[in-house]
Amino acid sequence: LHIAILASILSLVIYWLIRDSYRLRNVNGKHVFITSCDTGLGNSLAKRLDKIGFCVIAACATEKGAQELRSCSSLSLKTVNLNLADSNSIARAVVFVGEETTGKGLFGLVSHADGTAPVAPIDWLSIEDFHSVLDVSLLGLIEITLKLLPLLKKAEGRVVNLVNTKGLTAFVGGGYGLSTWGMEAFSDPLRIEMQHFGVKISIVEHGFFEAEFANSDVIEKHLLRLWSRLTSETRDSYGEKYFVE
C-alpha cells in the first residue's frame, strides 16, 4: 500500500514537471489583450509578452500610460483606451481588438484591474464606494470577457484572470474582497462551460508586490476623506483614538 501511494505521488510530480516545462513554441501572429496596462502588473506583462514576440494589445486608462508603454515596446504592440466602468468604452475596445486580430480570433485575454479601493471599516462606506470598485474590478471585467468570448472561441484561446490574494482574506472592508471573490466565482463555471469550445480559463492568485506599498499615501488620503464625511455620531462611536491607530 505504501509503495502504491509513493508511486502515485511520484507519478503526479513527474506529470507536473513535464507540464510546467511546456512552452509555446510559435507565438508569431498570436494576439493577447491585456487590461490595465498603464502601470503595475499589466504594464510589466505587456512588455514581457511583447519582448517574447506576441502581438500585444494593451488597454490603458490614460493616454499618458499608453504613450509611455509604446515608447519602450516594439512597433507590433498596440494600445487602446479602456474605461472598464463605461460600456461604450468597452464596446469600442472590443471593436479595436476585432480589427487587429483580422479574423484570426484572440489567443489570450489577461484580465485584471489596477486601482486603490477605499480602505476603511464598512461602517464608513456608502453604496457609491462599493460601486466605484465593483463597476470596474468585477462588472467591467465580466463585461469585456463576455464580449470577447466570440474571438476567444474562434482561436480556441485562453482567459487568465489575475486576482490578488489579499482580496481573498478579511484584509479590508468594501468592494475589493467582493470583486476578488466575484472574479473567482465567475471564472470557475466559465471554465467548465468553455471546455466544449477549446477555450481555457485560468485564475492566477498572485501575491504582494513592492510597488503596492507605495500606495500608502493614497490609502491615508482615502481614510481622511471618509473620516471627514462621517456624521458626528459615527465619529464619536469610534473615537479619535481608533482613527489614529
Side-chain angles (χ1 to χ4, degrees), residues 22-38 40-63 65-66 69-70 73-114 135-163 179 182-204:
Y22 173 78
R23 294 291 183 272
L24 191 66
R25 299 189 182 281
N26 184 16
V27 301
N28 292 332
K30 288 181 166 53
H31 289 80
V32 178
F33 179 72
I34 309 171
T35 64
S36 298
C37 292
D38 295 76
L41 192 55
N43 184 275
S44 298
L45 182 61
K47 293 174 183 175
R48 174 61 179 165
L49 294 187
D50 175 62
K51 187 176 181 180
I52 292 173
F54 283 97
C55 299
V56 175
I57 306 173
C60 297
T62 65
E63 183 55 33
L69 181 56
R70 288 195 301 266
S73 305
S74 74
L75 294 176
S76 68
L77 182 142
K78 308 296 182 183
T79 60
V80 61
N81 179 266
L82 177 62
N83 176 3
L84 285 167
D86 182 355
S87 292
N88 292 326
S89 178
I90 290 174
R92 288 191 294 269
V94 170
V95 170
F96 182 84
V97 173
E99 292 172 346
E100 287 295 318
T101 54
T102 59
K104 299 178 184 176
L106 184 62
F107 179 77
L109 165 62
V110 182
S111 189
H112 78 122
D114 275 338
D135 288 350
V136 174
S137 299
L138 179 58
L139 297 178
L141 293 180
I142 289 174
E143 183 174 356
I144 199 162
T145 302
L146 294 176
K147 290 185 175 178
L148 287 173
L149 281 180
L151 292 175
L152 289 159
K153 288 158 68 175
K154 182 177 290 186
E156 294 190 354
R158 63 267 300 125
V159 177
V160 180
N161 289 325
L162 305 178
V163 299
S179 65
M183 284 306 293
E184 297 254 353
F186 171 71
S187 302
D188 286 333
L190 185 64
R191 180 185 302 112
I192 297 170
E193 295 163 4
M194 287 295 110
Q195 285 179 353
H196 174 73
F197 301 99
V199 176
K200 299 177 177 64
I201 312 294
S202 300
I203 302 169
V204 176

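Between L82 and I144 there is a side-chain heavy-atom pair separated by less than 4.5 Å. Looking at heavy atoms from C-beta onward, I203 lies in side-chain contact with E184 at the 4.5 angstrom threshold. Side-chain contact between N161 and L141 is absent, with no heavy-atom pair separated by less than 4.5 Å. Contact annotation: the side chain of I142 approaches that of L138 to within less than 4.5 Å [non-hydrogen atoms, C-beta and beyond]. Looking only at side-chain heavy atoms (C-beta outward), E100 and F33 stay at 4.5 Å or farther from each other. By the 4.5 Å heavy-atom criterion applied to side chains, L149 and L190 are counted as neighbours. Residues E143 and S87 meet the side-chain proximity criterion, which asks for heavy atoms closer than 4.5 Å.
With sequence neighbours excluded, the residues satisfying side chain to side chain contact (heavy atoms under 4.5 Å, CB included) with D50 are V56, S73, S74, S76, L77. R48 is linked by a salt bridge (charged side-chain N to carboxylate O under 4.0 Å, His left out) to nothing, counting only residues two or more places apart in sequence or in another chain.
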Run the numbers on V95 and R92 for side chain to side chain contact (heavy atoms under 4.5 Å, CB included), then give the verdict.
CA-CA 5 Å; V95 170; R92 288 191 294 269; 5.7 Å; no
Does the side chain to side chain contact (heavy atoms under 4.5 Å, CB included) test come out yes or no for V97 and L109, once each step is laid out?
CA-CA 11 Å; V97 173; L109 165 62; over 6 Å; no
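Here the CD1 atom belonging to I57 is positioned 6.5 Å from the CG atom belonging to L106, to the nearest 0.5 angstrom. How far CG of D135 is from OG of S179: 11.0 Å, rounded to the nearest 0.5 Å. Of the inter-residue distances, the one linking I201 atom CD1 with T145 atom OG1 reads 8.0 Å to the nearest 0.5 angstrom. In this structure, the separation between CZ on F54 and NZ on K30 is 8.0 Å, given to the nearest 0.5 Å. E63 CD to D38 CG: the interatomic distance, rounded to the nearest 0.5 Å, is 10.0 Å. Remark: L152 CG to F197 CZ distance equals 12.0 Å, nearest 0.5 Å.
In terms of heavy-atom proximity, A46 sits nearest to A58 at CB-CB, 4.4 Å. Closest non-hydrogen pair, K47 versus L69, comes out as CG-CD1, 3.7 Å. Taking both residues in full, the closest heavy atoms of L84 and I90 are given as O-CD1, 3.6 Å, listed atom of the first, atom of the second, then distance. The two residues D86 and N88 come nearest to each other via the heavy atoms OD1-N, 3.0 Å.
Using a distance-only test at 3.5 Å, with no hydrogens or angles considered, a donor-acceptor pair links the side chain of T101 to the main chain of G98. Remark: side-chain polar atoms of T35 are paired, donor with acceptor, to backbone N or O of H112 under 3.5 angstrom.
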